Amino acid sequence: MREKELRFALICYGGISLAVYMHGITKEVWRLAAASRAFHEGSPQTGSGRIYGELLAALADKGGVKLRVLADIIAGASAGGINGIFLARAIASGQSLDPLTELWLKDADVDYLLDPDARPLSAATKFWAVPIAGWMMKKRGNVIDRTVGEGAQDEVRAKLSRLVRARWFEPPFGGETFSGLLLDAFDAMDKGPVGPALVPAGQPVDLFVSVTDYAGHQTFLSLNSPPRVTEEEHRLILRFRQDVRAGRGLGDVPSLAAAARATASFPGAFPPFTLRELDRVLGKRGIDWPQRDAFIRAQLPAGGEGDPADRVLIDGSVLANAPFRPAIAALKQRPARREIDRRFVYIDPKPDFRSISFGKPGEAGANGAAEGEEAKLPGFLSTILGALSEIPREQPIRESVEAIEGMSRRIRRMQHIVDAMKVEVEEQVAALFGTTFFLDTPTPARLQKWRAKAQDQASARAGFSYAPYGHLKLSSVVEELVGAIDRLAPPEGDIHRRNRRDALWTEIRSRGLDRLSGKRGMGASDDAVVFFRIHDIGFRIRRLRFLARELDRVVEAKRDARDPACDAMRDAIYDALGLYLEREGDDWLADIDVPADADPAAWIDAIGERRDLIGADAGADARVAEGLAQLPKDDRRTLLLAYLGYPFYDIATLPLLQGEGFDEFDPIKVDRISPSDATAIRTGGASAMLKGIEFNSFGAFFSRAYRENDYLWGRLHGADRLIDIVASSVAGTLTAEELAAIKRQAFHAILDEEEGRLPKVKALIAELRMEIA
């Protein structure tokens with residue numbers, strides 16, 4: 001049976017009070033990941049997790065694919081940023097999201113969020129505003145009558161009245177109150193149940209949180225004339241990573257709380273965020289923040305006057321509501337143990353609903369134009385509100401999707417090239433060794449000798465095409481060294497960074513390494529060969545990942561059942577890969593004793609000596625030889641030809657991939673989860689099902705019934721779409737009728753699980769049971 005991983009890079013949009021709806025969706029993502037792990041371990045599951053396990057079992061039985069589902073890249077803004085932070089921590093730590101649900105339902109409320117200093121002290125507070133608000137709320141056909149069920153109307157009117165009588169011209173919601181709520185949520189997760197992490201051992205989890213730097217920070221651009229200019233940058237991405245190998249995790253709660261508070265600092269509703277606010281809240285609670293300085297260094301822009309703790313941060317969705325870019329960048333350097341189906345899944349809570357409607361020619365809208373009439377221009381207030389709030393947050397994601405598709409095209413092209421080359425490469429490698437090579441008995445010493453010979457012949461037989469490949473390879477190696485030096489000894493500024501890079505390239509040229517070609521222009525020069533043997537860690541990593549791919553696609557694909565010999569070979573490949581990955585990390589280089597201002601030659605030589613890639617090669621060869629020895633003869637030969645022949649493939653594919661290489665080696669697909677896409681129960685989009693869209697997306701803050709409604713729909717929509725996405729990973733296995741039956745089981749499981757927790761929406765649950773049945 002083939003093994004395959006379905007990996008999610010999850011993008012969570014902003015949505016203000018629709019955060020409760022998104023909590024329901026992310027909770028299903030978490031349940032799916034937990035069910036996947038339990039399925040592979042043979043552990044029982046309950047609720048919707050049991051249905052996900054049955055779905056995975058059906059795909060294995062009927063499709064012959066044992067699928068593992070995980071989310072390892074998460075990016076979010078505003079409400080999506082908060083949910084992304086909690087989800088990432090649950091996935092990386094094995095903690096539960098269940099304790100958060102009651103906090104969302106109870107505490108995400110206007111009465112709780114109001115700043116204590118803004119709450120009306122008596123019914124007479126701002127007495128002149130009471131009759132105005134009362135008249136607006138009691139006017140026939142008002143928004144409350146139209147959108148709020150009878151059972152919740154009194155609650156909404158009372159809370160809206162208190163909000164209207166709160167302080168004006170200052171944010172009504174409390175920043176310290178919000179920070180305290182976030183800390184309560186992390187505390188609830190810490191006290192809740194803990195299971196195993198929901199990603200395989202060694203798999204990193206990357207978290208990106210979009211924030212807006214209110215004052216901006218200077219960035220530098222290099223031009224022809226003038227040579228250097230500055231501009232103000234307001235977009236800011238806070239980056240966190242769980243990486244056991246590098247000793248990094250998502251356990252620093254104050255740092256995560258700072259990111260959550262900043263990303264959801266919606267202008268006008270919450271005060272802007274500074275670290276001073278969090279310092280006060282932590283102080284009142286007696287919580288230390290030992291990593292505060294490290295957070296400032298890593299996350300806040302350097303330079304500028306004043307204390308970084310005074311930098312003002314506001315809602316991340318103001319400028320980057322759909323943070324695809326950092327998630328795309330995180331695709332590099334990801335381990336791949338088996339075939340990967342990479343999905344970018346973005347959660348958009350209201351794609352069909354806009355708070356401010358501009359209308360279009362020929363259709364009725366807020367501008368009042370009927371069919372066939374010329375549309376009126378948006379009014380004064382609509383134009384201002386749209387420019388300040390709606391337009392920046394609703395920018396299309398077309399460029400990001402096209403970038404992902406471009407990457408996928410290059411990967412597919414690379415796969416076709418490799419497949420087309422395979423027969424010829426295997427013939428060339430076999431011819432290199434004639435009848436004398438002992439493929440039946442590979443040993444570490446033989447592998448070392450065969451590798452060197454195959455690599456030399458690949459470069460020689462490439463002819464003049466080796467030169468562009470060699471220069472691209474050299475550039476990749478040198479730029480990797482530049483990055484490592486910058487991380488070990490951070491430059492003092494952009495000019496220092498550029499001068500250091502230029503000095504390092506000057507050193508490379510002084511060693512004659514820019515003249516890569518060997519005798520008569522064929523192959524690599526002796527100096528280049530030595531340099532690559534000492535420093536080219538990227539080639540070694542690409543070769544082993546290629547070998548893992550061939551094991552999966554060519555050898556294991558022929559098996560009818562799990563083969564311990566293939567498992568042993570895979571373990572050998574990844575043990576060998578670990579030798580290089582740990583040397584690639586900064587922790588391996590941390591104890592290098594080189595002054596920050598040392599010349600480039602000292603840095604180059606010290607990094608080469610510390611990494612000792614030639615020594616690592618011996619260890620890798622030993623592990624690969626041990627794994628090969630356990631395979632049948634034909635499979636052993638197949639993988640040995642791939643291992644030795646990889647230089648031929650690399651010469652062909654590295655220029656295609658512009659020197660980067662892709663670890664996951666498979667095309668990328670994009671999926672959306674939204675009320676408009678989850679149509680198995682009802683259609684009509686957000687306006688037909690969600691309550692949080694009212695009051696410019698603040699609606700769910702006014703009623704527990706609203707929050708219960710949106711949370712429940714979030715779980716149902718999450719299950720609906722996730723079942724579709726999982727099934728599409730093994731396309732054609734299940735019929736439409738079988739998928740519909742699985743969805744009905746999942747929906748009933750969710751309703752059974754939530755009925756006792758959601759007393760305000762009993763009528764909705766009864767309606768849903770009828771519709772699902």
Side-chain angles (χ1 to χ4, degrees), residues 92 201-206 239-252 255 289-300 302 330 332-335 474 476-493 496-508 511 513 530-544 574-623 663:
Q203 179 76 19
V205 177
D206 284 294
R239 304 163 190 267
F240 303 88
R241 171 172 259 220
Q242 170 88 7
D243 189 342
V244 176
R245 188 182 298 277
R248 290 186 287 178
L250 299 178
D252 182 15
S255 294
W289 188 5
Q291 295 179 311
R292 183 180 185 274
D293 291 342
F295 174 84
I296 291 174
R297 286 195 305 272
Q299 307 291 8
L300 298 184
K332 302 174 185 176
Q333 302 304 321
R334 306 201 78 73
L474 177 67
S476 299
V477 172
V478 173
E479 292 301 328
E480 192 274 332
L481 288 172
V482 170
I485 295 170
D486 283 348
R487 293 190 299 274
L488 293 170
E492 297 173 3
H496 185 199
R497 178 183 292 107
R498 195 183 322 155
N499 289 341
R500 176 190 281 172
R501 179 179 177 275
D502 291 344
L504 195 141
W505 270 108
T506 299
E507 173 63 23
I508 293 295
R511 298 185 181 192
L513 295 174
V530 171
F531 180 78
F532 288 142
R533 287 189 69 203
I534 294 173
H535 290 289
D536 193 0
I537 195 170
F539 172 83
R540 275 102 160 169
I541 292 172
R542 294 195 300 273
R543 179 178 60 204
L544 286 168
Y574 282 93
D575 285 346
L577 186 59
L579 297 174
Y580 299 117
L581 290 176
E582 62 186 359
R583 284 166 167 79
E584 188 182 41
D586 294 342
D587 290 347
W588 187 268
L589 303 174
D591 59 351
I592 286 182
D593 187 18
V594 179
D597 58 351
D599 62 80
W603 276 109
I604 293 172
D605 294 340
I607 291 175
E609 182 179 353
R610 178 69 182 95
R611 281 179 169 165
D612 185 22
L613 295 184
I614 296 174
D617 290 341
D621 286 336
R623 287 161 173 80
D663 301 338

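Every value quoted in this text rests on a predicted model; they were computed, and no experiment measured them.
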Nearest non-hydrogen partners of [X] and [Y], listed with the distance:
X: W603; Y: A489; answer: CZ2-CB, 4.0 Å
X: P491; Y: H496; answer: CA-ND1, 3.5 Å
X: Q242; Y: G249; answer: OE1-CA, 3.0 Å
X: A598; Y: V594; answer: CB-CG1, 3.5 Å

Taking the side chain as everything from C-beta on, heavy atoms only, tell me whether [X] gets closer than 4.5 Å to [Y].
X: R500; Y: R497; value: no
X: I607; Y: I485; value: yes
X: I508; Y: F531; value: yes
X: V478; Y: W505; value: yes
X: R583; Y: L613; value: yes

So how far is it from [X] [atom1] to [Y] [atom2], rounded to the nearest 0.5 Å?
X: R533; Y: D617; atom1: CZ; atom2: CG; value: 7.5 Å
X: L474; Y: E479; atom1: CG; atom2: CD; value: 9.5 Å
X: E480; Y: H535; atom1: CD; atom2: NE2; value: 10.0 Å
X: L504; Y: D486; atom1: CG; atom2: CG; value: 9.5 Å
X: R542; Y: L577; atom1: CZ; atom2: CG; value: 12.5 Å
X: I296; Y: S255; atom1: CD1; atom2: OG; value: 9.5 Å

Geometric class of the F295/W289 ring pair [parallel <30°, tilted 30-60°, perpendicular >60°]: tilted
Candidate pair L544 and Y580, rule side-chain contact (heavy atoms from CB on, under 4.5 Å), full reasoning: CA-CA 10 Å; L544 286 168; Y580 299 117; 3.6 Å; yes
W588 six-ring face occupied by R611 cation (under 6.0 Å, within 45°): no
Steps toward side-chain contact (heavy atoms from CB on, under 4.5 Å) verdict (F539, V477): CA-CA 9 Å; F539 172 83; V477 172; over 6 Å; no
Pair R511 + D605, salt bridge at N-O below 4.0 Å: yes
Carboxylate-amine/guanidinium contact R610 D591, below 4.0 Å: yes
Derivation and outcome, side-chain contact (heavy atoms from CB on, under 4.5 Å), residues I534 and I604: CA-CA 10 Å; I534 294 173; I604 293 172; over 6 Å; no
Step-by-step side-chain contact (heavy atoms from CB on, under 4.5 Å) determination, R623 to L579: CA-CA 10 Å; R623 287 161 173 80; L579 297 174; 3.7 Å; yes
